[in-house]
Every structure is written in structure tokens, then in C-alpha cells.
Amino acid sequence: MRKFLLATGLFAALGIGVAQACTNFIITKGASTDGSAMVSYAADSHILYGALYKYNAPKKDYKPGDLVPIYEWDSGRYLGKILQVPHTYSTVGNMNDRQLVIAETTYGGRPELVDPDGGIDYGSLIYITLQRAATAREAIATIVELANTYGYASSGESFSIVDKNEAWIFEMIGKGSRIVNGENVNKGIVWVARRIPDGYISAHANHARITQFPLDDPENCLYAPDVISFAREMGYYEGPDEEFSFSDTYAPLYFGAMRGCESRVWAFFNEFASGMDAYLDYALGQNPDNRMPLWVKPDQKISPKEVFDAMRSHYEGTPMDMTTDIGAGGNVSPYRWRPMEFEWEGETYFNERATATQQTAFWFVAQTRADLPDPIGGVLWFGVDDAGTSALTPIYCGTTEVPWCLDVRNGDMLHYSDESSFWIFNRIAQFAYLRYDQVGAAVRQTADAWENEMLLAVQQFDERIMHNNYSERRIVREATEFSVSHADELFRKWVELDKYLLVKYMDGNVKVEEDGHFKSNGFDERIPVMPQFPGYSEKWKEAVVRDHGDVIRVPKAE
């Protein structure tokens, strides 16, 4: 029989105690309006700095015996060295120059399966694999080989792995530590990978989502040879092979996994596919037996901008809508500060965990496009900080440079930089959180305008490159100039936006504009006309009156 555990705690499902708590959406080629495959990612961490990583120049070669030092991505802890390969690909962010993309979400899973002596962590697996693999299938093989050779240092992990033609979900977990004659005989991972059918969409968000899987379909499903036998050995599973569920075995479901993690997947599916109301009780954490499918077919094909905006979800229009309860305050803010849980009069409650969240370090939507040359076929739409208050800028996968505003050396979580995109986006976000209905709306309007402009700019750039039949070297140079110049332009735009927002919305007021300029009082150009006083939401007024109305009530005139 299958073993199933339903617990009441929330912390483990939301990545408390690990640095990452992230969201991935996957759109296959046949499900997109432009024929691209897409994958989104939000690197949500309270301690991670938002920057664009760059590894290797194109076509870099190494000598036999060269070694690669491994530092744990979350903590910077040194784990050891591994052998380098003769040839590596160039990468930018989570994409390489062959249009391979790898994103992740941490689900944790059974804590006893973490190997304390593992030699490679999940973050290093991503960025090293991108340097060594050209396709999704090669990436799966590389991750397995690295983890089994050097030992896996992290907890349970889900990867989105997408190339020009295929999209996969890959889920893995370590096997813990069992020392025999000084060696860990359990070194390595158990895992399963499923190919998403073309025309469908999938998602994962901090909980393992692969349940039962086909045992005899290597074209669409790959798995560790001991994924079931190891579970039996550990006493996790006793049923027949064909009923084995990876998620239920290695990451038992509980309330927090549904309400804090699977609910984000549900919101994404619900945005694009009809019939998801049938799974609302599961997303609310009420019915663990009503599990959602691993993928769904959207009602209509999905555009890149729609994927951008899906990453900005705060459950708007659903029962979990974060803008509608009193927790949103007087300015309908869809944000709740940590910790995730709180207690009141002997009961435990929690704050919703939406896709868009304040602690995002960086986020992206990557596109792979098989009909274009590799250097411009892959586009990493990259942003820093919270998706709800930031904008994406296009970075071609063939770029050889990282703009200084996104460089990992430009500031960090403990040191402010006036030249850093991460810090200027955070400056604006902190203001937007206080008055989300006004300042947040202005920021979103600016982000939308920028992204629509860039979508057109990318289309025009692609057409120009293809029309002129440039050499690969020329394409790489042009793609680099395009990527860097637009990232710099966005940084400058946000610097000016920061000034504008402060002038317009200072002190809880809203200055009046006319013809694109602040309106003066008609006598002195330095003095504004009387500003607007927007006040607070009706929900907030009601709550204040109920709490303090006897003291602040204005008496009626006699």
C-alpha cells in the first residue's frame, strides 16, 4: 500500500530553513503564441543578492586534470573540487549559449536523506550542468552523473529543464548517509524526470509534483534504477511498482505543501485552463486526495507577456486574493511580512504565500526558439527584486558581457550601490509596498510599457539580424550590444522613476499632473496646485471604526 502523511505544519513546505523558495512555470512550444518554449523562475530568498551570473567565454577549452572549486550557492560554504571537462559552453543567468535553460524549486522532502558530506549542491548542479550540456536530456544525464559521483549536498529539488525542442520536470533527492568501511554507500540521488507533452503547460513551486510515472516509456520518462527499490529498503513504500508515487514517497504531502506551494501552481493553471475550480479545495489545503494533474492544456495559446504577468500573481480574483482582506491595510497591499505563521488566542494562522513576493532576488522568463540561430534564439527576460514591482529586460543567450548594473560584483546584500539595478528596484519597491494602490499601480504601468516596448524591440532586432544574414561572430556582437544597452536603459529609467514617484506621492498626497508635467498653482511654477488626498480603502475604514470608532466619531450637528 502507498504511505501518505498529512501534517499541519507550514514551514517545511515554504522553504523555511533553506534559502530558496521559488516558483517555476513551464510553457511548451505548442502552447505559446510564438512557438517558443518558455520557463519562468523566481529566486526567492531573504539573503540572496539579485544579479546576472556569467560563466565562461564561448567555446572555452580546458586541460586534462583541471579542477573546479564548488561553493554552496545558498551559503558560500566551500564543498571541495570536481574534475573539469575539456570543453564548456558559455552561460548567462540560467541559460547557456545552446538555448538550454535550467530553473529550480526546493521542496526539501525527507530530512534524513540529506547527505552532510555531499560534494555538490543544487545551485552548483545548475550552473555547472549549463556549462556541460546542450540539450535537456544531456542535462538530466549530467546532473545524475555529478550527484552520484560527488555526492549530493542539498535537500529535495525540482528542476525545470527546457531546450529548443523539449521541456522536462526533473525531481531528485539524496539518499542520506550510511557509512560502511569509511565510505557512504548511499552516496548519490534517486530521481525521476518527465517530459511535458507539447501543447501543455506545467508548473512547480516548492513541492515535488511527480506522482505515479510510466515505467516503460524512456522517450517521455526517465528515472533512477533504484528509485523504487531504495524506497522499499528505507521502509517508505510497500506497494506494487506501478502504483509508486515519487512525491508521496519522498516528499509526503501536508497542509503547507498544498496551501503555500501547490496553490501557486493552481493559480497559474487557473489563469489559463478552464476547469481548475475542481481543484480549489486542494489548493486551499482542504482535500489532499484531490491532487492536481502534473500538466494541463491551456484554453488558448499563451504569449510571453502573459507569462511575465503570471509571475506577478497575488492570487487576484481567487479566494486567496491578498488585496481583499484587512491584512492588505488601507492601501490594498498584497504583501505580508514574515514569519509565515502567527498565533492568536491559542490558534495558529498563516500569511498567504503568492508567486510574487517581496524577498525575490531575481526572476526571469526564458524563451527558447528553434527557428533562430542559437545566439539570439534564446532570450532571458531578466529582472531583479519582486516581480510585482520590477520589469524584465531582454538578455540574449549569446551575449558575452553582463551590464554593470546587473553585475554580481556591483553591491551585495550588505552594501548599497548607486549603480546597481537590484538596489534601485528595491528602493522603489519599499515605497510601493506602503501605498500599493497608488505607487504600486504607477510602477506596474511603467513596467508594462517597458516590457511591451522590449517585446517589439526584440522582434525588430531578430528580423534585422536574419534579413542581413550576419556571421555568428557579428550576431554575438550585436546581441551583446543590444542586451547591455537595454539593461542600462532600464536602470536609468528606474533611477528617474524613483525621483518622480517621490515628488508625486510624498506625504500621502498625490500631486496633480497636466500634459505630462506637474501642475502649478498658476502663480509660481515652484508651487503645486493643491494635491489630491486619496485616503484609505473602505475595508480599512470599516476596521478602524469597529476598533476605535467610539473615540474618533465626529458628533452630528444638533
(request) Identify, with sequence neighbours excluded, every residue that meets salt bridge (Lys or Arg N to Asp or Glu O under 4.0 Å) alongside Asp217. (result)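 Expected list: none.
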
(request) Quick one: list whatever passes salt bridge (Lys or Arg N to Asp or Glu O under 4.0 Å) with Arg369, sequence neighbours left out. (result)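 By the salt bridge (Lys or Arg N to Asp or Glu O under 4.0 Å) rule, Arg369 matches Asp462.
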
Ignoring hydrogens and angles, state whether a donor on the side chain of [X] or [Y] is under 3.5 Å from an acceptor on the partner side chain.
X: Thr106; Y: Glu157; value: yes
X: Trp363; Y: Ser390; value: yes
X: Asp74; Y: Tyr122; value: yes
X: Ser247; Y: Arg291; value: yes
X: Ser263; Y: Tyr315; value: yes
X: Asp115; Y: Asn184; value: yes
X: Thr360; Y: Asp44; value: yes

Find the distance between [atom1] ([X]) and [atom2] ([Y]) and round it off to the nearest 0.5 Å.
X: Met292; Y: Tyr282; atom1: CE; atom2: OH; answer: 5.5 Å
X: Thr368; Y: Leu380; atom1: OG1; atom2: CG; answer: 12.0 Å
X: Met172; Y: Ser155; atom1: CE; atom2: OG; answer: 9.5 Å
X: Phe362; Y: Leu406; atom1: CZ; atom2: CG; answer: 11.0 Å
X: Leu294; Y: Ile169; atom1: CG; atom2: CD1; answer: 4.5 Å
X: Ile70; Y: Tyr78; atom1: CD1; atom2: OH; answer: 8.5 Å

Return the minimal non-hydrogen interatomic distance between [X] and [Y], and the atom names on each side.
X: Asp386; Y: Ala356; result: OD1-CB, 3.8 Å
X: Lys29; Y: Ala370; result: NZ-CB, 4.3 Å
X: Ala167; Y: Val162; result: CB-CG2, 3.9 Å
X: Leu48; Y: Met413; result: O-SD, 3.6 Å
X: Ala354; Y: His314; result: CB-CA, 3.7 Å
X: Tyr250; Y: Val190; result: CZ-CG2, 3.7 Å

(request) Specify whether Phe213 and Phe244 have parallel, tilted or perpendicular ring planes, treating 30° as the upper limit for parallel and 60° as the lower limit for perpendicular. (result)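 Taking Phe244 first and then Phe213, their aromatic rings stand perpendicular (interplane angle over 60°).
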
(request) Assign the ring pair Tyr49 / Trp423 to parallel, tilted or perpendicular, where the plane angle (0 to 90°) is split at 30° and 60°. (result)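 Tilted.
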
Sidechain-backbone polar pair: [X] side chain, [Y] backbone, donor-acceptor under 3.5 Å:
X: Arg194; Y: Pro214; answer: no
X: Thr142; Y: Thr129; answer: no
X: Arg98; Y: Asp374; answer: no
X: Lys187; Y: Gly118; answer: no
X: Asn94; Y: Ile102; answer: yes
X: Asp163; Y: Gln99; answer: no

Return a table of donor-acceptor pairs under 3.5 angstrom between the side chains of residues 131-141 and protein atoms on other chains or two or more places apart.
residue	atom	partner	partner atom	Å
Gln131	OE1	Asn56	ND2	2.7
Gln131	NE2	Tyr127	O	2.9
Arg132	NH2	Leu83	O	2.8
Arg132	NH2	Gln84	OE1	3.4
Thr135	OG1	Glu138	N	3.1
Arg137	NE	Glu166	OE1	3.1
Arg137	NE	Glu166	OE2	3.4
Arg137	NH2	Glu166	OE2	3.4
Arg137	NH2	Glu219	O	2.6
Arg137	NH2	Glu219	OE2	3.4
Glu138	OE1	Ala134	N	2.8

(message) Quick test of your reading of the model: are Arg77 and Asp121 salt-bridged, counting only N-O distances below 4.0 Å?
(response)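 No.
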
(request) Tell me, with the steps shown, if Tyr396 and Val379 meet side-chain contact (heavy atoms from CB on, under 4.5 Å). (result) CA-CA 5 Å; Tyr396 280 108; Val379 185; 3.7 Å; yes

(message) Which residue is it: Asn220, Leu222, Ile26? I am looking for the one with a side chain to side chain contact (heavy atoms under 4.5 Å, CB included) to Trp168.
(response)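 It is Leu222; the other options fail the test.
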
(message) Assess the residue pair Trp73 and Tyr53 against the criterion (side-chain hydrogen bond (donor to acceptor under 3.5 Å, both in side chains)); give the C-alpha distance rounded to whole Å, side-chain angles, the decisive distance to 0.1 Å, and a yes or no.
(response) CA-CA 12 Å; Trp73 189 41; Tyr53 309 135; 3.2 Å; yes

(request) With Arg264 as reference, evaluate Thr357, Asn24, Asn206, Thr355 under the side chain to side chain donor-acceptor pair (under 3.5 Å) test and give the passing residue. (result)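 It is Asn206, the one option of Thr357, Asn24, Asn206, Thr355 that forms the side chain to side chain donor-acceptor pair (under 3.5 Å) with Arg264.
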
Atom [atom1] of residue position [X] - does it have more than 12 heavy atoms of other residues, nucleotides or ligands inside 6.0 Å?
X: Glu112; atom1: CD; result: yes
X: Trp337; atom1: CH2; result: yes
X: Glu145; atom1: CD; result: no

(message) Any heavy-atom pair between the side chains of Tyr236 and Pro252 that's under 4.5 Å?
(response)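 No. Closest side-chain heavy atoms not under 4.5 Å.
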
(message) ring-ring contact (aromatic ring centres under 6.0 Å, His included), that's the test. Do Phe382 and Phe364 meet it? Break it down for me.
(response) CA-CA 4 Å; Phe382 188 80; Phe364 66 74; 7.2 Å; no

(request) Among Phe246, Phe230, Tyr223, Phe170, find the residue that satisfies the ring pair (Phe, Tyr, Trp, His ring centres under 6.0 Å) test when tested with Trp191. (result)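 Result for ring pair (Phe, Tyr, Trp, His ring centres under 6.0 Å) with Trp191: Phe170.
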
(message) Taking the six-membered ring of Phe350 as reference, does the cationic atom of Arg259 (NZ for Lys, CZ for Arg) lie under 6.0 Å from its centre and within 45° of its axis?
(response)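 Verdict for Phe350: no cation-pi partner in Arg259.
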
